[in-house]
Peer 1: 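The structure is given below, and queries will be raised subsequently.
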Amino acid sequence: MEQEPPRIEFPCAYPIKVLARSSEDLAEVILTVFEQHAPGFDRTAVTARVSGKGTFTALTVTITATGPGQLEALHQDLLGTGRVQMVI
């Protein structure tokens, strides 16, 4: 018997990790996309971690998610920057 995945109750705090190639303006590009989909998120709570060789940066941003449509549009726009390798 397969279990159904847990349902998310919206609105909720929703952390999103973005993995992208490192660059000087990466954080600003990514956070601008987040601002379009989740205005007013806490920029001071954003964490960044650079890979050992400095090639990649992982940003974790927590937003107040309002629904699956918002999350899907955010995912598409992040990938649409051409810089993002993965969104988790």
Peer 1: With hydrophobic residues grouped by side-chain heavy-atom distances under 4.5 Å, do V50 and L26 end up in a single group?
Peer 2: no
Peer 1: Which pairs count as side-chain hydrogen bond (donor to acceptor under 3.5 Å, both in side chains) when at least one residue sits in residues 53-62, sequence neighbours excluded?
Peer 2: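 Found S22-T57.
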Peer 1: When hydrophobic residues are tied together by side-chain contacts of less than 4.5 Å, even through go-betweens, does F56 share a cluster with V87?
Peer 2: no
Peer 1: Specify the closest pair of heavy atoms between A38 and Q70, including all atoms of both residues, with the distance to one decimal.
Peer 2: CB-NE2, 3.8 Å
Peer 1: Less than 3.5 Å apart, which donor and acceptor atoms pair up between the side chains of residues 7-18 and the rest of the protein, not counting sequence neighbours?
Peer 2:
| from | atom 1 | to | atom 2 | distance (Å) |
| --- | --- | --- | --- | --- |
| R7 | NE | E4 | OE2 | 3.4 |
| R7 | NH2 | E4 | OE2 | 2.7 |

Peer 1: Is there side-chain contact between V61 and L31, with at least one heavy-atom pair below 4.5 Å?
Peer 2: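 With C-beta onward as the side chain, the pair touches.
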Peer 1: Quick one, L19 with V84, criterion side-chain contact (heavy atoms from CB on, under 4.5 Å). Give me CA distance, side-chain angles, the key distance, then yes/no.
Peer 2: CA-CA 6 Å; L19 180 67; V84 174; over 6 Å; no
Peer 1: Can you pull the side-chain hydrogen bond (donor to acceptor under 3.5 Å, both in side chains) pairs that have at least one residue in residues 76-88, sequence neighbours excluded?
Peer 2: S23-R83, D25-R83, H37-D77, E72-Q76
Peer 1: Return the CZ to CG distance between R49 and L59, rounded to the nearest 0.5 Å.
Peer 2: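 The distance works out to 12.5 Å.
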Peer 1: Scan residues 33-42 for pairs that pass salt bridge (Lys or Arg N to Asp or Glu O under 4.0 Å), counting only residues two or more places apart or in two chains.
Peer 2: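 Counting only pairs at least two positions apart or across chains, the salt bridge (Lys or Arg N to Asp or Glu O under 4.0 Å) contacts touching residues 33-42 are E35-R43.
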Peer 1: Check the pair F34 / I63 against side-chain contact (heavy atoms from CB on, under 4.5 Å), numbers first and verdict last.
Peer 2: CA-CA 8 Å; F34 272 94; I63 65 169; 3.7 Å; yes
